[in-house]
Amino acid sequence: MFGIGVPELVLILIIGLIVFGPGKLPEMGRTLGKGIREFRKASNALSQAINAPENPPQPPAAPKPQPAEQNVTSAAAAPQSTAKPQPEAAKAPEAKAPEAPAYEAPTQESVRQQIAETKAKQEAAGKENKSV
C-alpha cells in the first residue's frame, strides 16, 4: 500500500494524535471514511453508466383514437358506481416515455431555474402563512 509499512503508519497516527488531539482524531477518521465511501460510490456509478449497454430507442406507440360514440358512452357510464371498466381501454398499449440518461450534469441555466422555483415556492408559502 504505497510502500508504507506498519512502523510508518504508527508514526503517522502518533503525529496525528499530537497535532489534532484525542477528541478530533476519531471524528476526522470518520469523515475521511465517509469521503472515501462516497468517492467509491460515485466512481462505481460512473463506470456502470459508461459500461451499461444502450437499448435502441423504440418509437412511441400511438394510442388508437376512440370513436366519439364510445367516449360519450364511457362518460355517461362513469358516474355510475356499478359501471364495469371498458376492456378496450385496458388493452390499449401505453406509450412509454424515453428513458432519461443516468446522469445529466446541471447547467448554469438549470440551476438558476431551480433557484427561482425554490424562491417562488418559499414566497408563496410565506404569503399563505401571513394570510392564515
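With values rounded to the nearest 0.5 angstrom, Arg37 atom CZ is found 10.5 Å from Leu32 atom CG. Within the model, atoms CD of Glu109 and CD of Gln114 stand 11.0 Å from one another, a figure rounded to the nearest 0.5 Å.
A donor-acceptor pair under 3.5 Å links the side-chain atoms of Ser43 to the main chain of Phe39, judged by distance alone.
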Sequence neighbours excluded and cut-off under 3.5 Å, please list the side-chain donor-acceptor pairs for residues 2-31, or say none.
unit_1 : atom_1 : unit_2 : atom_2 : d
Glu8   : OE1    : Gly5   : N      : 2.9
Thr31  : OG1    : Glu27  : O      : 2.9

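Connectivity analysis of hydrophobic side chains (ILVMFWY, heavy atoms under 4.5 Å, direct or indirect) links Val111 to Ile115.
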